[in-house]
Amino acid sequence: MASSGDVHVRICAQEIIKYDLEIKAIIQDIRDCPGPESSLMELNSQVKEKFNQLRLRIQDLDQMAREQDRESDRLAIQAETESQRRQMISNQTAWRKANLACKLSIDNMEKDELLRGPETQSTRQRKATKESLVETSSNITESLMSISRMMSEQVKQSEDCIGTLATSSRTVQETNEEFKNMTGTIHLGRKLILKYNRRELTDKLLIFLALALFLATVLYILKKRLFPFI
């Protein structure tokens with residue numbers, strides 16, 4: 001059976017992967033954002049929150065690595081922690097680039113609208129193409145979010161496993177305490193039995209000596225009465 005610590009490490013790693021996928025999905029939305037600026041700001045707010053959550057879970061994983069008893073486990077978890085840190089930095093770089101690209105796209109679009117004036121057929125075609133790309137991006141985002149939900153379910157199952165492990169651990173501890181109490185009672189009973197056995201042996205010896213003394217006294221009296229000349 002896996003230890004509770006191993007389950008916590010797996011849950012933490014799954015949550016890190018979940019946040020990483022969610023961040024990638026929002027970064028893709030930023031790349032494809034057609035505007036306005038308010039929509040871009042909303043997406044940036046979401047990705048900031050996810051980065052904060054990801055950073056906290058990576059710190060938790062690093063702390064778990066330091067608490068490992070076996071050197072091999074500690075090194076393996078530290079390696080995973082460092083890999084996740086590098087991935088987070090890569091996502092932050094991609095986030096900045098996506099922001100720059102989106103802002104540039106929005107600026108160019110506004111300039112084109114100012115220069116071209118009324119909407120032309122070519123503009124409508126480009127807009128339709130962009131809407132198609134946005135729809136495709138939304139489908140990709142939905143797929144990533146579906147994966148994220150599946151991972152959330154796995155995290156929930158792992159939490160249920162932790163609860164079961166904790167209950168089993170308490171049961172084992174209670175059983176162990178009962179065994180200790182029974183062992184103490186048996187040990188005390190053994191001492192009492194040995195004590196009573198020794199007392200019984202002493203009583204038998206005293207009775208034997210008293211009986212021997214009594215018989216010797218009787219024989220002495222009979223000898224004096226029956227054979228006074230001896």
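Owing to the predicted nature of the structure, the values given are computational and were not obtained by experimental measurement.
- For the pair Glu200 and Asp203, the minimum side-chain heavy-atom distance is 4.5 Å or more.
- Cluster annotation: Leu209 is not connected to Leu201 through the hydrophobic network of ILVMFWY side chains, with a link wherever side-chain heavy atoms come within less than 4.5 Å.
- In this model, a donor atom of one side chain and an acceptor atom of the other lie less than 3.5 Å apart for Gln63 and Glu67.
- Among residues two or more places apart in sequence or in another chain, the side chain to side chain donor-acceptor pair (under 3.5 Å) test is passed with Arg199 by none.
- For the salt bridge (Lys or Arg N to Asp or Glu O under 4.0 Å) condition, the pairs that include at least one residue of residues 43-55, sequence neighbours left out, are Glu22-Lys50.
- Here the straight-line distance linking atom SG of Cys33 with atom CD1 of Ile106 works out to 5.0 Å at 0.5 Å rounding.
- Qualifying side chain to side chain contact (heavy atoms under 4.5 Å, CB included) partners for Leu104, counting only residues two or more places apart in sequence or in other chains: Asn108.
- Hydrophobic clustering (ILVMFWY, side-chain heavy atoms < 4.5 Å, transitive): Leu43 and Met88 are in one cluster.
- One distance of note links CG of Leu40 with CG of Asn99; it measures 5.0 Å at 0.5 Å rounding.
- Residues satisfying the side chain to side chain contact (heavy atoms under 4.5 Å, CB included) criterion with Ser90, sequence neighbours excluded, are absent altogether.
- A distance of 5.0 Å separates CD in Glu82 from CZ in Arg86, rounded to the nearest 0.5 Å.
- Phe208 contributes atom CZ, which lies 11.5 Å from atom CG of Leu213 (distance to the nearest 0.5 angstrom).
- Atoms CD1 and OG, from Ile58 and Ser83 in turn, are 9.5 Å apart once rounded to the nearest 0.5 Å.
- Residues Cys102 and Arg31 fail the side-chain proximity criterion, which asks for heavy atoms closer than 4.5 Å.
- When the side chain to side chain contact (heavy atoms under 4.5 Å, CB included) test is applied to Asn91, the partners found at least two apart in sequence or on another chain are Asp20, Ile23, Lys24, Ile27, Phe51, Gln87.
- Between the Ser45 side chain and the Met41 main chain, no donor and acceptor come within less than 3.5 Å of each other.
- The closest side-chain heavy-atom distance from Trp95 to Asn44 is below 4.5 Å.
- Within the model, atoms OG1 of Thr183 and CG of Leu188 stand 12.5 Å from one another, a figure rounded to the nearest 0.5 Å.
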Got a list of side-chain donor-acceptor pairs under 3.5 Å for residues 70-81, not counting sequence neighbours?
residue : atom : partner : partner atom : Å
Arg70   : NE   : Asp73   : OD2          : 2.9
Arg70   : NH2  : Asp73   : OD2          : 2.8
Glu71   : OE1  : Arg74   : NE           : 3.3
Glu71   : OE1  : Arg74   : NH2          : 2.8
Glu71   : OE2  : Arg74   : NH2          : 2.2
Arg74   : NH1  : Gln78   : OE1          : 3.2
Glu80   : OE2  : Gln84   : NE2          : 2.8
Thr81   : OG1  : Ile77   : O            : 2.8

